[in-house]
Participant: 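Got a structure for you, written out below as structure tokens; questions coming shortly.
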Amino acid sequence: MNLALLFEEDFIGGDRVRLTGRRLAHLHSVIRVSTGDRIPVGRVDGDIGTAEVLHLTDTEAELRVSFHLPPPAALPLTLILAMPRPKMLRRVLQTCATLGVKDIWLINSYKVEKSFWQTPWLSEESLRENLTLGLEQARDTVMPRVHIRKLFKPFVEDELPALLAGKRALVAHPGTDTPCPTHLNQPTALCIGPEGGFTPYEVGKLEEAGCGAVHLGARILRVETAVPVLVSRLFDACL
Ligand code: SAH
């Protein structure tokens with residue numbers, strides 16, 4: 001937690017905030033704050049700033065907050081991800097939030113196990129929790145939006161073409177001829193397959209919708225590895 005992300009319900013007055021639960025535990029055990037210390041904070045979907053610890057007990061911390069800086073720039077990326085298995089979903093969501101991805105589409109694909117869609121990690125509350133962990137890591141405040149599409153064909157035929165308008169559109173698929181481009185820094189849509197990969201039919205449908213298939217070399221990466229490798233290859237995060 002390199003920043004405590006604050007939600008409306010955390011505010012107890014204009015510039016006063018009360019923290020309990022996970023964030024309080026982190027203040028005690030990792031940051032080891034004392035009364036009078038300052039910690040980085042951010043207002044969800046707003047600016048980042050600092051908070052002075054006014055009171056600290058085992059059950060709550062009261063902070064005085066002030067905000068003065070915008071959050072880091074978002075990536076111009078729409079990420080379309082075949083629904084990963086639940087354990088991986090959590091990590092991928094956190095990673096996406098940390099990397100600055102703000103638009104995430106979880107879609108079905110032939111090799112996505114049906115049971116994956118039953119996971120409690122897809123609840124609004126769990127999505128927010130994991131995205132918060134990722135944002136706090138990166139000192140970002142802007143909550144990514146997650147869209148869930150449990151049917152591949154209607155999504156690809158009816159929604160995807162409009163989603164790709166004005167964007168460079170790619171599907172990462174091992175064994176294709178074109179290497180993944182670099183230094184794009186422009187609005188981009190990127191599709192990433194499931195553990196078993198997209199089927200040739202699915203790649204064909206994604207290509208029909210306007211996606212160019214690209215590869216990352218001979219090594220097959222896990223989805224959780226493919227996401228940061230693709231993002232850092234496509235965009236210049238240090239600029
Ligand atoms: N067995 C599958 C691999 C799936 S890896 C297959 O051969 O297609 C999961 C997803 O990560 C892939 O669908 C792709 O989107 C991405 N990915 C992993 N390694 C890749 C690589 N070397 N090139 C392009 N995409 C890759």
Participant: Run the side-chain donor-acceptor check on residues 214-221: report pairs under 3.5 Å with partners two or more places apart or on a different chain.
Facilitator:
{"unit_1": "H215", "atom_1": "ND1", "unit_2": "G217", "atom_2": "N", "d": "2.8"}

Participant: Determine whether a donor-acceptor pair (N or O, by modelled atom type, separation under 3.5 Å) exists between the side chain of T176 and the backbone of P174.
Facilitator: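 No.
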Participant: Would you say R23 and L27 make side-chain contact, with heavy atoms under 4.5 Å?
Facilitator: no
Participant: Got a salt bridge between R22 and E136, using NZ or NE/NH1/NH2 to carboxylate O under 4.0 Å?
Facilitator: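 Yes.
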Participant: State plainly whether the residues D103 and K167 are in salt-bridge range, i.e. N to O under 4.0 Å.
Facilitator: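 So D103 does not pair with K167 through a salt bridge.
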Participant: Could you check whether T59 and T57, counting side-chain N and O atoms only, form a donor-acceptor pair closer than 3.5 Å?
Facilitator: yes
Participant: Please report the closest heavy-atom contact between L135 and K102, naming both atoms and the distance.
Facilitator: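 Distance-wise, the nearest heavy atoms are CD2-NZ, 3.6 Å.
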Participant: Has S123 got a side-chain atom pairing as donor or acceptor with P120's backbone, closer than 3.5 angstrom?
Facilitator: yes
Participant: side-chain contact (heavy atoms from CB on, under 4.5 Å) for V156 and L206? Distances and angles first, verdict last.
Facilitator: CA-CA 7 Å; V156 173; L206 293 168; 4.1 Å; yes
Participant: Is it true that, when you exclude E124 itself, more than 12 heavy atoms of the residues, nucleotides or ligands shown sit nearer than 6.0 Å to its CD?
Facilitator: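 No, because the 6.0 Å sphere around CD of E124 holds 12 heavy atoms or fewer from other groups.
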Participant: Before giving the answer on side-chain contact (heavy atoms from CB on, under 4.5 Å), spell out for L190 and I80 the whole-Å C-alpha distance, their side-chain angles and the decisive distance to 0.1 Å.
Facilitator: CA-CA 6 Å; L190 170 68; I80 300 157; over 6 Å; no
Participant: Could you go step by step and tell me if C211 and L164 meet the side-chain contact (heavy atoms from CB on, under 4.5 Å) rule?
Facilitator: CA-CA 8 Å; C211 299; L164 303 188; 3.8 Å; yes
Participant: For R149, is there an ion pair with E159 - N to carboxylate O distance below 4.0 angstrom?
Facilitator: yes
Participant: Is the charged tip of R43 near the ring of F11: under 6.0 Å from the six-membered ring centre and within 45° of its axis?
Facilitator: yes
Participant: Nearest heavy-atom pair of L106 and W117: which atoms, and what distance?
Facilitator: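 Heavy-atom minimum between the residues: O-CH2, 3.6 Å.
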Participant: Would R128 and F7 count as a cation-pi pair here, with the cationic atom under 6.0 angstrom from the ring centre and within 45° of the axis?
Facilitator: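 Yes, a cation-pi geometry holds between R128 and F7.
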Participant: Show the nearest heavy-atom pair for residues I107 and V112, with the distance to one decimal.
Facilitator: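 I107 and V112 have their closest heavy atoms at O-CG2, 4.4 Å.
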Participant: Side chains of V41 and I39: closer than 4.5 Å at any heavy-atom pair?
Facilitator: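 Yes; the side chains approach each other to less than 4.5 Å.
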Participant: As a quick check of understanding, evaluate side-chain contact (heavy atoms from CB on, under 4.5 Å) for L54 and R16, giving each step before the final call.
Facilitator: CA-CA 9 Å; L54 300 178; R16 297 296 161 96; 3.6 Å; yes
Participant: Within the distance-only criterion (no hydrogens, no angle test), does the side chain of D10 pair as donor or acceptor with the backbone N or O of L6 below 3.5 angstrom?
Facilitator: no
Participant: Check ring-ring contact (aromatic ring centres under 6.0 Å, His included) between F155 and all other residues, then give those that pass, not counting sequence neighbours.
Facilitator: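 ring-ring contact (aromatic ring centres under 6.0 Å, His included) check on F155 returns W105.
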Participant: Hey, are the side chains of L19 and E60 touching, using non-hydrogen atoms and a 4.5 Å cut-off?
Facilitator: no
Participant: Please find the pair of heavy atoms, one from C180 and one from R233, that lie closest to each other, and give the distance.
Facilitator: O-NH2, 2.6 Å
Participant: Answer with yes or no whether the side chains of T98 and Q137 bring together a donor and an acceptor at under 3.5 Å.
Facilitator: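 No pair is found: no donor N or O on one side chain lies under 3.5 Å from an acceptor on the other.
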Participant: Main chain of Y110, side chain of E202: is a donor-acceptor contact present, judged purely on distance under 3.5 Å?
Facilitator: yes
Participant: Which heavy atom of R38 sits nearest to which heavy atom of T50, and what is that distance?
Facilitator: NH1-OG1, 3.8 Å
Participant: Charged N to carboxylate O under 4.0 angstrom, R91 versus E224?
Facilitator: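 Yes, this pair counts.
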Participant: At their closest point, which heavy atom of I104 faces which heavy atom of C96, and how far apart are they?
Facilitator: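 Scanning both residues completely, I find the closest heavy atoms to be CD1-CB, 3.8 Å.
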Participant: Could you check whether atom CG of D177 has more than 12 heavy atoms from other residues, nucleotides or ligands sitting under 6.0 Å from it?
Facilitator: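 It does not: D177 CG has 12 such atoms or fewer within range.
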